[in-house]
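Reading through the structure tokens given below for one structure.
Because the structure is predicted, anything quoted here is derived from the model rather than measured. We count ligands from 1, going down the list as the structure has it; atoms in each ligand are counted the same way.
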Amino acid sequence: MTLAFLPPETPAIPLIAVSSDTLDPVLSALPPPQEAWARRARFRGKGGETLVLPAADGGIDTALVGTGSAGEQARGRFLVAQAVGRLPAGSYRLEGLAGEALEEAALGWLLASYRFDRYRKPEESPTARLVAPEGVDAARIERVASAEALTRDLINTAPADMGPADLAGAAQALAERHGARVTVTGGEALARDFPLIHAVGRAAISARAPRLIDMHWGDAGPLLTLVGKGVCFDTGGLDIKPASSMGLMKKDMGGAAAVLGLAAMVMGEGLPLRLRVLIPAVENAVGPDSFRPQDVLTSRKGLTVEVNNTDAEGRLVLADALALAGEGDAGLTLSMATLTGAARVAVGPDLAPFYASDDADAAALMQAAAQVRDPLWQMPFHAPYEEMIEPGIADLDNAPAGGMAGSITAALFLRRFAPPRYIHFDIYGWQPKPAPARPKGGVGQGARAVFAALPALLEL
Ligand code: BES
Ligand code: ZN
Ligand code: ZN
């Protein structure tokens with residue numbers, strides 16, 4: 001789904017953004033009947049609060065939307081976007097905001113207009129649309145919002161309709177829109193060259209066989225390699241998950257969905273860089289050919305891995321993709337994965353934890369995250385825990401007993417395979433209950449922050 005503004009010349013109702021600081025002057029400047037109406041309605045300018053001011057003919061003359069106090073803005077983002085669900089259908093022109101606040105409101109508006117209607121046509125509910133605001137790069141905001149919509153669509157799609165082949169199809173469709181090239185490795189070549197991806201995915205039926213998706217775009221500039229976990233459904237394998245944990249595992253390709261969204265932003269903007277996107281796409285299935293606990297697998301890089309839990313499959317498939325990323329000219333490598341439950345316990349669903357080999361890269365990400373309201377939290381590649389991933393019988397253990405520091409040990413595991421300059425995100429990819437601009441369901445995390453940080457990260 002593409003998310004777009006109305007053209008700037010569209011006739012529209014003025015929608016005045018009001019904070020608690022500007023409430024009084026804004027209300028006093030209204031025609032007296034409207035001022036009286038707004039005061040009688042006790043409009044306060046709370047975040048997302050709306051009020052329509054009637055015209056003499058019964059139409060809407062003007063509308064107000066609250067931006068909220070600093071305290072409200074610290075507790076939530078995209079507050080103005082709540083107006084989308086509260087205002088009567090119509091075209092609105094946002095006034096009274098500038099700079100980052102205007103960008104947030106405009107982006108939030110589009111993100112709040114997102115609907116997932118693949119399986120259920122929405123009731124004909126005409127919505128409140130926004131005219132492309134002046135003073136911001138509206139086309140860029142539309143690209144970012146549409147890329148986020150792609151990520152959400154991919155995650156929200158039922159797992160029967162989003163197997164490894166479907167994920168490859170989605171990458172192919174995106175590539176075609178932007179003149180990128182995609183190669184997909186499967187079958188015997190995958191078994192030979194990407195043994196961990198093959199081992200995790202081989203129990204699936206042939207229509208859902210494992211594969212590695214490799215997309216290239218651009219031919220000049222610094223190299224950015226994105227790697228996304230594409231586990232199209234995670235049953236846990238033989239170490240099968242209980243129903244309560246398996247219930248959300250269609251989202252285990254959320255890392256792949258997030259890097260495809262990020263790739264859409266990069267290519268749509270035409271950034272002067274070379275982009276590579278690697279997605280190991282598998283189904284972690286239960287079957288006679290499932291890989292087993294205590295199997296020892298030899299990875300593409302040559303490191304051996306003892307499987308101590310078939311449910312720690314993400315790090316296995318990513319390991320082979322990261323090894324490929326490190327062959328030849330590596331540049332900056334960034335992975336995104338719904339990798340551990342431990343990351344959720346640590347930071348909850350709203351924050352995206354990340355690990356970075358370079359402190360300067362981490363600082364650039366944190367700064368961009370605050371700017372575009374895509375919150376991140378830096379975690380440590382804590383070297384003293386390296387011994388926790390060394391089982392003795394093989395080079396590496398995919399699931400250290402006890403699970404202490406589970407997100408960190410997973411990140412350390414990935415680092416063994418990654419090129420030196422490396423950033424890793426352990427994302428959740430799911431909005432558990434509706435929030436402004438984020439309906440319940442699949443959600444992109446980190447991609448907007450990375451996109452905003454790219455000029456600093458790659459000196460563009
Ligand atoms: N896909 C899961 C991680 C996950 C679970 C992410 C719930 C988000 C929400 C991953 O493959 C997994 O099962 N990891 C295990 C690893 C453990 C066995 C070492 C986990 O985190 O429990
Ligand atoms: Zn798992
Ligand atoms: Zn998984």
Side-chain angles (χ1 to χ4, degrees), residues 155 159 162-164 167 196-197 199-201 203-204 208 210 227-258 279-286 290-295 297 305-321 335-354 379 385 388-391 396-414 424-432 440-446:
I155 297 174
M162 190 45 66
L167 194 52
L196 300 191
I197 300 174
V200 171
R208 297 169 72 87
V227 183
K229 174 176 171 181
V231 175
C232 293
F233 194 77
D234 184 9
T235 65
L238 292 180
D239 287 313
I240 194 164
K241 286 180 184 290
S244 56
S245 307
M246 206 190 297
L248 266 183
M249 283 300 122
K250 72 173 182 182
K251 78 172 177 73
D252 215 19
M253 33 60 72
I279 296 173
V282 302
E283 170 153 27
N284 190 17
V286 178
S290 289
F291 72 126
R292 308 162 193 81
Q294 294 191 304
D295 276 350
L297 308 171
V305 183
E306 182 179 27
V307 175
N308 278 306
N309 194 320
T310 61
D311 197 9
E313 82 298 336
R315 68 198 75 186
L316 298 175
V317 299
L318 290 167
D320 276 353
S335 57
M336 291 199 165
T338 50
L339 202 59
T340 69
R344 260 45 298 137
V345 175
V347 300
D350 197 50
L351 265 178
F354 74 97
M379 300 280 286
Y385 292 165
M388 289 162 67
I389 57 172
E390 293 162 351
L396 293 169
D397 180 343
N398 82 326
M404 293 264 225
S407 177
I408 298 177
T409 53
L412 291 172
F413 184 100
L414 295 181
H424 158 61
F425 282 80
D426 192 341
I427 60 172
Y428 192 52
W430 190 259
Q431 183 66 37
K440 179 179 173 180
V443 72
Q445 283 187 297

Using only atom types and a distance under 3.5 Å, with no angle test, would you say the side chain of [X] pairs donor to acceptor with the backbone of [Y]?
X	Y	value
Asn398	Asn309	yes
Asp252	Phe233	no
Gln445	Pro349	yes

Query raised in the report: Which pair of non-hydrogen atoms, one from Thr409 and one from Ile389, has the smallest distance, and what is that distance?
Result: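 Closest heavy-atom pair between Thr409 and Ile389: O-CG2, 3.7 Å.
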Requested in this report: List the atom of Ala337, the atom of Lys229, and the distance in Å for their closest heavy-atom pair.
Outcome: CB-CB, 3.5 Å
Report summary line: Heavy-atom contacts under 4.0 Å to ligand 1, chain-then-number order, include exactly Lys229, Asp234, Lys241, Met249, Lys251, Asp252, Asn309, Asp311, Ala312, Glu313, Arg315, Thr338, Leu339, Thr340, Gly341, Ala399, Tyr428
Report task. In sequence, state the C-alpha distance, the side-chain angles, and the governing distance for Thr338 and Trp430, and then conclude on side-chain contact (heavy atoms from CB on, under 4.5 Å). Result -> CA-CA 10 Å; Thr338 50; Trp430 190 259; over 6 Å; no
Query raised in the report: Residues in side chain to side chain contact (heavy atoms under 4.5 Å, CB included) with Ala343, at least two apart?
Result: Thr340, Pro353, Ser407, Asp426
Query - Ala337 backbone or side-chain N/O/S under 2.8 Å from the Zn ion (ligand 3) - result: no
Please list, one pair per line, the donor and acceptor atoms closer than 3.5 Å that link side chains of residues 242-251 to other protein atoms, with sequence neighbours excluded.
| residue | atom | partner | partner atom | Å |
| --- | --- | --- | --- | --- |
| Lys250 | NZ | Asn156 | O | 2.8 |
| Lys251 | NZ | Tyr428 | O | 2.9 |

Query raised in the report: Taking atom CG of Asn284 and atom CD of Glu313, what is their separation to the nearest 0.5 Å?
Result: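 Reported value, rounded in 0.5 Å steps: 4.5 Å.
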Report task. List the steps, then state whether side-chain contact (heavy atoms from CB on, under 4.5 Å) holds for Arg292 with Thr310. Result -> CA-CA 7 Å; Arg292 308 162 193 81; Thr310 61; 5.6 Å; no
Report task. Could you tally the protein N/O/S atoms lying less than 2.8 Å away from the Zn ion (ligand 2)? Result -> 4
